[in-house]
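Just below is one structure, and these are the notes that go with it.
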4 protein chains.
Amino acid sequence: MAVKSKIKGIDNRKLILDTANTLFKKQGAQKTSLSDIAKKAGISKGTLYYYYTTKRELIYDIARDHMETITRALIRWLKDMSSEIEPMEILAHVYRTVVNASQRSKLHLYLIEEAISGDKELMKRFRASYTKWNNLLSDGFARILPKNKKDDIPALAALALTSITGSLIQHQLGNKQLPYSDMARVLLK
Amino acid sequence: MAVKSKIKGIDNRKLILDTANTLFKKQGAQKTSLSDIAKKAGISKGTLYYYYTTKRELIYDIARDHMETITRALIRWLKDMSSEIEPMEILAHVYRTVVNASQRSKLHLYLIEEAISGDKELMKRFRASYTKWNNLLSDGFARILPKNKKDDIPALAALALTSITGSLIQHQLGNKQLPYSDMARVLLK
Amino acid sequence: MAVKSKIKGIDNRKLILDTANTLFKKQGAQKTSLSDIAKKAGISKGTLYYYYTTKRELIYDIARDHMETITRALIRWLKDMSSEIEPMEILAHVYRTVVNASQRSKLHLYLIEEAISGDKELMKRFRASYTKWNNLLSDGFARILPKNKKDDIPALAALALTSITGSLIQHQLGNKQLPYSDMARVLLK
Amino acid sequence: MAVKSKIKGIDNRKLILDTANTLFKKQGAQKTSLSDIAKKAGISKGTLYYYYTTKRELIYDIARDHMETITRALIRWLKDMSSEIEPMEILAHVYRTVVNASQRSKLHLYLIEEAISGDKELMKRFRASYTKWNNLLSDGFARILPKNKKDDIPALAALALTSITGSLIQHQLGNKQLPYSDMARVLLK
DNA sequence: TATGAATGAGCCTTCATTCAT
DNA sequence: AATGAATGAAGGCTCATTCAT
């Protein structure tokens with residue numbers, strides 16, 4: 001019984017998280033009401049509040065998930081950097097993957113908006129994540145650049161990261177024709 | 001009389017626009033209520049309605065202003081591209097200027113969020129603006145690049161524009177240490 | 001000048017009345033705002049208020065027009081009652097005419113609703129009109145009924161008038177298949 | 001506990017319905033605000049929303065109640081038609097009962113107005129109800145009319161129904177002297 | 001006569017949150 | 001653990017009316 005309850009509890013927490021994730025991706029956090037989530041998850045609002053005292057907490061959990069997913073993906077790509085695949089192709093691939101994860105990148109922008117519009121805690125976490133992602137990219141570039149270009153690594157990493165984020169915005173706005181391959185080539189030239 | 005009324009009317013319209021601008025920059029459009037605007041502007045909600053039948057209309061007006069401002073600034077910079085100033089310095093300056101216009105760039109992100117979360121019309125306008133900005137940047141690069149690099153222009157313009165937008169986000173999130181000069185140098189190398 | 005003004009004034013009054021009439025018929029008085037009227041009439045709200053201090057006054061004027069129109073139509077029909085046309089056909093014609101003046105009968109119901117929901121003055125006028133219409137119908141029946149049925153006249157007039165009004169409602173509600181000829185025949189049998 | 005809650009919930013729903021009913025009857029649906037209802041019922045606007053997401057839903061519920069009440073009353077009367085009471089007296093009684101349910105008949109007119117002024121759904125329901133009432137009346141007349149008059153039944157039913165509705169309007173407008181007995185006699189003669 | 005800027009009260013609706021059970 | 005009834009503040013919007021010019 002106790003066990004069963006616990007399991008059920010865990011299930012519910014995950015259920016809420018998944019449902020919220022889906023809805024946040026579709027409509028953004030601000031436009032998703034807790035009623036929406038409860039209804040779609042098939043639980044009561046009371047239950048939702050049992051697991052998340054505040055909408056904010058729910059957002060935090062989702063943001064954490066989201067950032068970790070990105071980090072994991074970046075690490076996976078960097079592994080390829082050391083393999084025999086052409087670096088330029090890898091970078092172009094990163095661009096395309098990030099940008100095409102349409103729902104996910106929508107969530108990314110929604111969360112950024114949340115952070116910027118006053119959520120200090122969320123802002124802190126985003127800042128930390130960006131730093132980590134920047135470092136990961138730097139590591140990647142370090143492995144592929146010739147010695148005489150090592151000094152460019154910080155600038156390159158920053159360029160890549162900012163450009164990817166910016167591309168994500170343009171893609172969301174409907175500009176789906178950016179020359180990702182050329183951009184990657186110019187960067188790595 | 002008639003004139004005074006007209007002036008008064010114009011004043012009020014401008015007053016509303018300015019007040020909304022200020023508040024949107026501070027808290028975003030979604031979190032700024034029409035009551036907030038009216039209160040801060042010292043007019044009644046009815047008056048606000050007299051000038052803007054819909055919150056959306058107000059947002060559109062502000063977005064238009066905002067985009068035009070960016071366009072004008074970009075054109076100004078490009079004029080410098082043809083002067084004797086170092087291109088790299090100009091580009092670094094663009095980065096810094098865009099990014100440091102803190103309130104303005106906050107507004108930029110808020111408006112993008114509005115667009116992405118369902119405002120088709122706003123999205124269209126943003127897309128058009130991004131295309132225009134991209135073309136302006138291409139013109140600028142065309143003037144400074146040697147002939148044998150002309151093929152890189154589209155990629156360079158896209159890189160610059162996406163990277164600037166991405167930098168803006170990172171800056172808003174509190175990362176104020178991006179190596180803009182180096183980024184500009186690497187891009188133009 | 002003075003004359004011209006006066007004429008213009010009269011024109012404006014009529015213009016307002018006609019415009020309001022059109023809109024009231026289409027959407028009802030409650031759902032027609034004074035702004036709607038002013039806009040459609042191509043005048044300012046101020047001008048509208050110059051002629052009608054209150055929305056109510058405007059409604060009264062329109063109601064008066066409307067009732068007079070009905071009265072005139074009834075008198076016209078009654079003239080036919082004395083001619084060689086079959087009474088039953090005349091009565092069926094009345095039914096059909098009243099009921100098919102779709103817009104006009106919509107206005108009729110809207111005005112009744114206004115009256116019932118608290119406008120004592122309008123109610124008084126309606127009551128007076130109904131009495132007059134009832135008398136007119138009585139006169140008509142008096143001319144066509146044989147002597148031994150004279151006693152039925154008040155009941156017949158009441159039946160006809162209430163039934164016509166009721167038919168108008170059913171017609172507005174979409175029941176357009178009432179057996180008007182048979183109803184008229186049964187009444188006059 | 002659970003039961004009490006449920007009962008409380010049911011009570012509140014009924015409380016809202018009753019309160020709305022009272023106010024609608026007094027002032028009409030359009031002139032009754034949800035605030036009015038909440039205030040008079042002694043609950044918050046939020047609670048009202050909990051039970052009725054929309055004013056329209058509330059109106060539908062009330063309209064349904066109202067139409068069912070009429071239907072039930074009609075059926076009751078028709079039962080008498082087969083008993084030994086004089087048909088004419090029964091019909092006159094119907095007239096008087098309908099017409100004297102002053103508040104109720106006011107609601108009837110308000111609802112009709114709602115339907116006519118654009119509520120397609122309500123209009124459909126009214127049309128269906130009128131058809132049903134018409135059929136019920138036809139059944140009643142079928143039982144009391146001699147065989148040689150069977151052909152008049154549809155016209156008679158239509159006459160009765162429209163006339164009753166029309167009487168209701170006149171009564172609401174203050175004309176409380178209609179000769180119901182005579183009208184019934186003439187109809188059934 | 002005519003205008004239109006300005007108002008303020010009010011409307012319907014939304015929603016995060018609380019709490020007794 | 002879970003429920004769902006209840007709340008109240010707030011949001012965007014509408015509109016009859018006033019009034020200086």
Side-chain angles (χ1 to χ4, degrees), chain A residues 1-2 4-6 8-9 12-13 30-38 43-56 58, chain B residues 1-13 30-38 43-56 58, chain C residues 1-2 4-6 8-9 12-13 30-38 43-56 58, chain D residues 1-13 30-38 43-56 58:
Chain A
M1 282 269 285
K4 194 181 164 191
S5 290
K6 202 175 240 173
K8 220 182 146 198
N12 260 348
R13 191 176 201 93
Q30 295 206 38
K31 292 187 178 167
T32 301
S33 75
L34 296 188
S35 294
D36 289 344
I37 297 172
I43 59 173
S44 74
K45 261 203 281 191
T47 303
L48 207 163
Y49 268 86
Y50 182 81
Y51 292 97
Y52 289 96
T53 318
T54 284
K55 193 182 184 182
R56 189 147 305 282
L58 185 50
Chain B
M1 308 97 237
V3 175
K4 195 179 165 190
S5 288
K6 203 175 241 173
I7 287 177
K8 223 178 144 196
I10 288 176
D11 279 357
N12 255 349
R13 192 179 200 92
Q30 296 206 37
K31 291 186 178 166
T32 301
S33 74
L34 297 187
S35 295
D36 289 344
I37 298 172
I43 59 174
S44 72
K45 267 202 282 184
T47 302
L48 210 164
Y49 168 75
Y50 184 80
Y51 291 98
Y52 289 95
T53 315
T54 284
K55 194 181 183 182
R56 191 150 304 286
L58 186 51
Chain C
M1 281 271 288
K4 195 180 163 189
S5 290
K6 201 177 241 172
K8 220 181 145 197
N12 259 348
R13 192 176 200 93
Q30 296 206 37
K31 291 186 177 167
T32 301
S33 74
L34 296 187
S35 294
D36 289 344
I37 298 172
I43 59 173
S44 74
K45 262 203 280 190
T47 303
L48 207 163
Y49 268 86
Y50 183 81
Y51 292 98
Y52 289 96
T53 317
T54 284
K55 194 181 183 183
R56 190 148 304 284
L58 185 51
Chain D
M1 307 100 235
V3 175
K4 195 178 164 189
S5 288
K6 201 175 243 175
I7 287 176
K8 224 178 144 197
I10 288 175
D11 278 359
N12 255 349
R13 192 178 200 93
Q30 296 205 37
K31 291 186 178 167
T32 301
S33 75
L34 296 186
S35 295
D36 288 344
I37 297 172
I43 60 174
S44 73
K45 267 203 281 186
T47 302
L48 208 162
Y49 168 76
Y50 184 81
Y51 292 97
Y52 289 96
T53 315
T54 285
K55 194 182 182 182
R56 190 150 305 286
L58 186 50

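All values derive from a computational prediction rather than experimental measurement.
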- Message: Can you tell me if A:Y50 touches the phosphate of F:dA2, counting only side-chain N or O atoms and a distance under 4.0 Å to OP1 or OP2?
- Response: no
- Item | Below 4.0 Å: OP1/OP2 of E:dA2 and any side-chain N or O of C:N12 | yes
- Atom OH in D:Y49, atom CG in D:L34: separation rounded to 0.5 Å? 12.0 Å
- Rounded to whole Å, OH of B:Y52 lies from C1' of F:dG11 at a distance of 20 Å
Shorter than 3.5 Å, N or O on both sides, protein versus nucleotides 14-18 of chain E: list them out with atom names.
residue : atom : partner : partner atom : Å
E:dA16  : OP1  : A:K55   : NZ           : 3.1
E:dA16  : OP2  : A:L34   : N            : 2.8
E:dT17  : OP2  : A:Y49   : OH           : 3.3
E:dT17  : OP2  : A:K55   : N            : 3.2
E:dT17  : O4   : A:K45   : NZ           : 3.1

- Between F:dC13 (P) and B:Y51 (OH): distance, integer Å: 18 Å
- Distance from B:S33 atom OG to B:I37 atom CD1, nearest 0.5 Å? 7.0 Å
- Query: Can you name the nearest heavy-atom pair linking A:K45 to A:S35, along with the distance?
  - Reply: NZ-OG, 3.2 Å
- With rounding to the nearest 0.5 Å, note down the distance linking CG in A:L58 to CZ in A:R13. 9.5 Å
- Item | Interatomic spacing from CD in D:Q30 to NZ in C:K31 - rounded to 0.5 Å | 5.0 Å
- Stem ranges for DNA chain F, with three or more consecutive Watson-Crick or G-U pairs under 3.5 Å? E:2-21 with F:2-21
- Query: To the nearest angstrom, how far is B:L48 atom CG from F:dC15 atom P?
  - Reply: 17 Å
- Query: Distance from D:Y51 atom OH to D:I43 atom CD1, nearest 0.5 Å?
  - Reply: 8.0 Å
- Message: I want to check one thing: is the phosphate of F:dT7, taken as OP1 and OP2, less than 4.0 Å away from some side-chain N or O of D:T47?
- Response: yes
